[in-house]
Trainee: 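The structure follows.
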Amino acid sequence: MTLFHLNRATSKLKLENLEQGEYFRDLYPYKQISRIAFDDVLVAPRPAEPMFITDTTFRDGQQARPPYTVKQIETIFDMLHRLGGRSGLVRASEFFMYSDKDKRAIDACRSRGYKYPEITGWIRAHKDDLKIAKSMEFREVGMLTSVSDYHIYLKLGLDREKAMRNYLEVVEQALAWGISPRCHFEDITRADIYGFCLPFAEKLMELSRQSGLPVKIRMCDTMGYGVPYPGATLPRSVPRIVRAFTDEVGVPSEWLEWHGHNDFHKTLVNAVTAWLHGCAGANGTLLGFGERTGNSPIEALIIEYISLTGDDEAADTRVISEISEYFEKELEYKVADNYPFVGRDFNATSAGIHVDGLAKNEEIYNVFDTSRLLNRPVPIIITDKSGRAGVAYWINQTLKLTGDSEVSKRHPAVGKVYKRIMEAYENGRSTSVSNKEMERLVRRYMPEMFRTDFDNLKEVAHILAAHLITKLSVDCNVILAKENYGCLTNFVKEYPFIQYLYLTDNEGGLIAAEITDTRFKEKYDELGIGFDFSSREWFQKPVQTGKLHITNLYTSHFTGQLILTVSAPVTDGDDNITGVIGADIMLEQLLQRECELEEERKPDTLC
């Protein structure tokens with residue numbers, strides 16, 4: 001800051017309460033692409049000190065995808081801590097708090113005991129919502145306080161004076177309860193900065209001084225209209241919005257955050273521009289997940305922060321790759337191959353690099369040492385110059401083969417793949433071989449390296465079968481001494497793809513059984529009460545381990561159907577194994593009800 005800035009006098013700002021809203025139709029004609037206006041006012045950079053990142057992966061980010069489970073939230077929160085929370089670079093993480101699942105997720109993350117990211121809440125600006133935050137002992141809560149006339153007049157049906165009064169009442173109550181409010185100035189890039197936003201901010205600063213608690217402001221570029229350009233005018237200019245709050249109202253930099261959306265491909269540059277002009281907090285989400293086009297990607301903000309400050313120790317950038325892998329494997333999200341820092345091919349080049357020259361040429365085409373900083377070696381792009389060594393390198397790297405499992409360039413299948421590649425170039429091909437083409441070739445000549453569709457079906461069947469037997473144990477509360485066998489009958493009625501459901505004692509003797517298809521009843525008659533199953537794998541494994549067991553797929557001796565058997569130990573009140581419950585499940589019928597069962601297994605998932 002300059003001495004002139006520190007000593008300048010500011011005039012009292014005045015709320016302009018209009019009868020009709022100001023919609024800036026010269027900038028936002030709606031039936032045409034929005035306009036960017038310029039004047040001759042240039043704002044010099046004045047970087048915030050400190051600069052930090054805040055996270056909204058579990059709030060805005062969760063509005064753009066199926067809801068996370070509690071376990072997934074806990075795992076991602078751990079990653080956020082390891083990524084930048086240890087240093088305080090990732091300062092806070094924002095949570096919903098309305099549902100029972102929200103509350104369990106908050107409790108799980110609080111139990112980690114991390115200083116950063118600090119767990120903060122999000123509510124609408126209503127006192128009833130604020131009561132929830134109070135009951136959950138939040139120290140800081142974000143409040144939706146929309147500031148554009150689009151929201152105030154057209155959505156809320158209020159005028160500016162009534163809207164401000166409503167907002168301030170909730171803020172005052174929060175402060176009275178010892179909660180630090182974070183007011184989300186929603187749609188700020190279509191708002192009247194001097195006619196509403198700054199008078200509102202001035203009132204907030206007055207309340208902060210009276211209470212002794214921070215009142216923070218999140219500047220929300222809800223539609224992505226913000227621009228970083230020098231000379232751009234309000235309300236679209238990011239530099240001028242930030243400086244209006246710091247210079248005209250005296251909002252401390254550490255109480256300001258920028259929250260942007262990527263509707264016009266500017267979310268990252270706008271967040272960094274806010275940093276450089278005095279806004280300490282840049283709000284984002286992992287991989288940029290967020291409503292509509294998404295938010296500033298936290299992994300990109302991490303890299304940009306290090307680029308600006310030179311503080312390499314502020315974050316463990318290797319965690320970025322772990323996060324990407326987790327989203328792909330656990331959350332079934334396909335990261336685009338060319339997505340910066342985490343996409344499969346983001347650090348690959350088609351400029352002729354091949355494996356023999358990789359070591360000496362890597363720095364020419366790689367943005368930085370991705371092996372060291374992201375745990376991401378440079379991938380190879382296959383061309384006619386790659387050789388058999390390049391084909392082997394691609395296979396080992398893509399399939400993550402190491403040690404004894406690595407394939408040699410002398411492997412016969414590598415030679416066949418290489419031969420097909422060279423034939424294509426001899427016939428006039430001039431472009432590199434894509435990863436999809438390489439995968440098809442390797443699948444053709446090395447099918448044993450890949451999971452088949454049948455493997456995937458088996459995995460799905462195992463997951464669903466495990467869910468069913470667990471549900472049976474809970475629903476029926478099977479305890480042998482009580483002879484609670486009627487539940488078995490009801491269970492197979494609900495799930496008729498269970499071919500045979502049975503209960504044994506702890507020595508393998510059959511106690512009770514249910515057959516779903518009466519056509520096969522006579523065949524099952526040989527398995528009468530007392531039949532000895534003690535030699536069967538499905539009985540032995542739960543007794544030996546105390547855990548659920550699932551067999552491989554096999555053909556039923558009785559029905560000829562492709563089935564699998566899932567079994568689990570039955571225990572008494574002291575956790576002693578008193579028997580085993582098992583179910584033969586028909587694969588085809590099970591998979592036909594996959595969607596329904598998946599909704600049972602994950603209640604938050606719509607199918």
Side-chain angles (χ1 to χ4, degrees), residues 16 18-43 45 56 60-61 63-64 144-160 163 183-201 217-245 248 256-279 282-285 288-297 300-301:
E16 295 182 15
L18 308 178
E19 289 187 11
Q20 295 182 338
E22 168 60 78
Y23 306 119
F24 301 99
R25 288 303 182 194
D26 54 334
L27 299 179
Y28 306 115
Y30 192 63
K31 294 185 182 298
Q32 298 169 295
I33 294 172
S34 55
R35 306 320 197 204
I36 302 171
F38 291 83
D39 57 22
D40 58 356
V41 177
L42 301 180
V43 179
T56 185
D60 202 329
Q63 293 176 177
L144 179 60
T145 54
S146 301
V147 292
S148 79
D149 290 347
Y150 287 86
H151 285 244
I152 293 172
Y153 287 80
L154 301 182
K155 177 182 175 182
L156 301 177
L158 304 173
D159 60 26
R160 294 178 181 182
C183 294
H184 291 199
F185 280 40
E186 186 82 3
D187 204 23
I188 197 169
T189 48
R190 289 194 298 181
D192 189 339
I193 303 299
Y194 280 86
F196 182 79
C197 295
L198 297 186
F200 180 30
I217 293 173
R218 178 178 290 178
M219 300 169 286
C220 301
D221 185 15
T222 308
M223 306 294 286
Y225 284 123
V227 294
Y229 310 135
T233 62
L234 291 172
R236 298 194 67 175
S237 168
V238 176
R240 290 168 76 165
I241 291 174
V242 174
R243 293 291 279 275
F245 283 93
E248 302 293 342
L256 284 175
E257 291 181 31
W258 181 267
H259 169 94
H261 283 259
N262 203 33
D263 298 68
F264 292 91
H265 290 284
K266 296 185 182 73
T267 182
L268 178 60
V269 69
N270 282 343
V272 175
T273 299
W275 263 345
L276 294 177
H277 289 83
C279 174
N283 186 245
T285 58
F289 270 114
E291 192 175 12
R292 298 190 323 280
T293 56
N295 306 122
S296 302
L301 290 169

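As the structure is a computational prediction, the values presented were derived from the model and not from experiment.
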Trainee: Kindly compute the distance separating CD (Glu186) from OG1 (Thr222), expressed to the nearest 0.5 Å.
Mentor: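 That separation rounds to 3.5 Å.
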
Trainee: Working to the nearest 0.5 angstrom, can you tell me the gap between Asp192 CG and Ser148 OG?
Mentor: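 If I round to the nearest 0.5 Å, the distance is 10.5 Å.
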
Trainee: Check whether any side-chain heavy atom of Glu248 lies under 4.5 Å from a side-chain heavy atom of Leu198, and answer yes or no.
Mentor: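 Side-chain contact under 4.5 Å: yes.
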
Trainee: Evaluate the criterion side chain to side chain contact (heavy atoms under 4.5 Å, CB included) for residue pair Met223 and Ser34; output intermediate values, then yes/no.
Mentor: CA-CA 11 Å; Met223 306 294 286; Ser34 55; over 6 Å; no

Trainee: Return yes if some donor-acceptor pair links the side-chain N/O of Thr145 with the main-chain N/O of His184 below 3.5 Å, else return no.
Mentor: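 Yes.
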
Trainee: Are the side chains of Asn262 and Asn295 in contact, using a 4.5 Å heavy-atom criterion?
Mentor: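 Not touching, per the 4.5 Å side-chain cut-off.
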
Trainee: Is Arg190 close enough and on-axis enough to Tyr150, meaning under 6.0 Å and within 45°, for cation-pi?
Mentor: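 Verdict for Tyr150: a cation-pi partner in Arg190.
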
Trainee: Give me the atom names and distance for the closest heavy-atom approach of Gly21 to Leu18.
Mentor: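 Heavy atoms of Gly21 and Leu18 come nearest at C-CD1, 4.5 Å.
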
Trainee: Would you mind reporting whether Ser296 and His259 have side-chain heavy atoms less than 4.5 Å apart?
Mentor: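 The answer is no, as the side chains (C-beta and beyond) never meet within the 4.5 Å cut-off.
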
Trainee: Please check if the side chain of Asp39 supplies one atom and the backbone of Thr233 the other of a donor-acceptor pair under 3.5 Å.
Mentor: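 It does not hold such a pair.
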
Trainee: What distance do Lys155 atom NZ and Asp187 atom CG have between them, rounded to the nearest 0.5 Å?
Mentor: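 So the NZ of Lys155 and the CG of Asp187 are separated by 9.5 Å.
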
Trainee: For residues Trp258 and Ala271, report the shortest heavy-atom separation together with the two atoms involved.
Mentor: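 What the structure gives for the nearest pair is CD1-CA, 3.8 Å.
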
Trainee: Are any of the side-chain heavy atoms of Phe196 and Ile152 separated by less than 4.5 Å?
Mentor: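 Phe196 vs Ile152: side chains touch.
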
Trainee: Is any side-chain heavy atom of Asp149 closer than 4.5 Å to a side-chain heavy atom of Leu154?
Mentor: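 Answer no - side chains too far apart.
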
Trainee: Let me see the working for Tyr153 and Leu158 under side chain to side chain contact (heavy atoms under 4.5 Å, CB included), right down to the final yes or no.
Mentor: CA-CA 5 Å; Tyr153 287 80; Leu158 304 173; over 6 Å; no

Trainee: Measure the OG1-CD distance between Thr56 and Glu257 for me, rounded to the nearest 0.5 Å.
Mentor: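 Reported to 0.5 Å precision, the distance equals 9.5 Å.
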
Trainee: Could you pull out the closest heavy-atom pair between Cys279 and Met219, with the gap in Å?
Mentor: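 So the two residues come closest at SG-CE, 3.6 Å.
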
Trainee: Under the side chain to side chain contact (heavy atoms under 4.5 Å, CB included) rule, what do Leu234 and Tyr194 come out as? Steps first, then yes or no, please.
Mentor: CA-CA 10 Å; Leu234 291 172; Tyr194 280 86; 3.7 Å; yes

Trainee: Can you check whether Asp26 reaches Arg35 side chain to side chain, under 4.5 Å on heavy atoms?
Mentor: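 In short, these two side chains do not touch, never coming nearer than 4.5 Å.
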
Trainee: Can you name the nearest heavy-atom pair linking Leu42 to Gly231, along with the distance?
Mentor: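 Shortest heavy-atom contact: CD2-N, 3.5 Å.
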
Trainee: Please identify each residue that fulfils salt bridge (charged side-chain N to carboxylate O under 4.0 Å, His left out) with Arg292, with sequence neighbours left out.
Mentor: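 Arg292 satisfies salt bridge (charged side-chain N to carboxylate O under 4.0 Å, His left out) with Asp263 once adjacent residues are dropped.
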
Trainee: Roughly how far, to the nearest 0.5 Å, is the OG1 atom of Thr285 from the CD atom of Glu291?
Mentor: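 Reported to 0.5 Å precision, the distance equals 12.0 Å.
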
Trainee: If you apply the rule ring pair (Phe, Tyr, Trp, His ring centres under 6.0 Å), what do you find for Tyr23 with Tyr30, and how did you get there?
Mentor: CA-CA 10 Å; Tyr23 306 119; Tyr30 192 63; over 10 Å; no

Trainee: So, taking the atom named SG in Cys183 and the one named CG in Leu144, what distance separates them when rounded to the nearest 0.5 Å?
Mentor: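 So the SG of Cys183 and the CG of Leu144 are separated by 10.0 Å.
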
Trainee: Taking the six-membered ring for Trp, are Phe185 and Phe200 parallel (under 30°), tilted (30 to 60°) or perpendicular (over 60°)?
Mentor: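 Taking Phe200 first and then Phe185, their aromatic rings lie parallel (interplane angle under 30°).
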
Trainee: Determine, step by step, whether Asp221 and Lys266 satisfy the salt bridge (Lys or Arg N to Asp or Glu O under 4.0 Å) criterion, reporting the C-alpha distance in whole Å, the side-chain angles of both residues, the deciding distance to 0.1 Å, and the verdict.
Mentor: CA-CA 10 Å; Asp221 185 15; Lys266 296 185 182 73; over 6 Å; no

Trainee: Yes or no on side chain to side chain contact (heavy atoms under 4.5 Å, CB included) for Arg218 and Asn283, after CA distance, side-chain angles and deciding distance?
Mentor: CA-CA 9 Å; Arg218 178 178 290 178; Asn283 186 245; 3.3 Å; yes

Trainee: Using modelled atom types and a 3.5 Å cut-off, is there a donor and acceptor pairing between side-chain atoms of His277 and backbone atoms of Thr273?
Mentor: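 Checking the backbone N and O of Thr273 against the side chain of His277, a donor-acceptor pair under 3.5 Å is found.
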
Trainee: Any side-chain heavy atom of Ile36 sitting closer than 4.5 Å to one from Tyr225?
Mentor: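 The answer is no, as the side chains (C-beta and beyond) never meet within the 4.5 Å cut-off.
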
Trainee: Specify the closest pair of heavy atoms between Phe245 and Ile188, including all atoms of both residues, with the distance to one decimal.
Mentor: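 Phe245 and Ile188 have their closest heavy atoms at CE1-CD1, 3.7 Å.
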
Trainee: Is it the case that the side chain of Arg240 and the backbone of Ala232 share a donor-acceptor pair, with hydrogens and angles ignored and the cut-off at 3.5 Å?
Mentor: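 Yes, Arg240 side chain to Ala232 backbone: donor-acceptor pair under 3.5 Å.
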
Trainee: Do you know which two heavy atoms are closest between Pro228 and Pro239, and how far apart they sit?
Mentor: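 Of all heavy-atom pairs spanning Pro228 and Pro239, the closest is O-CG, 4.1 Å.
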
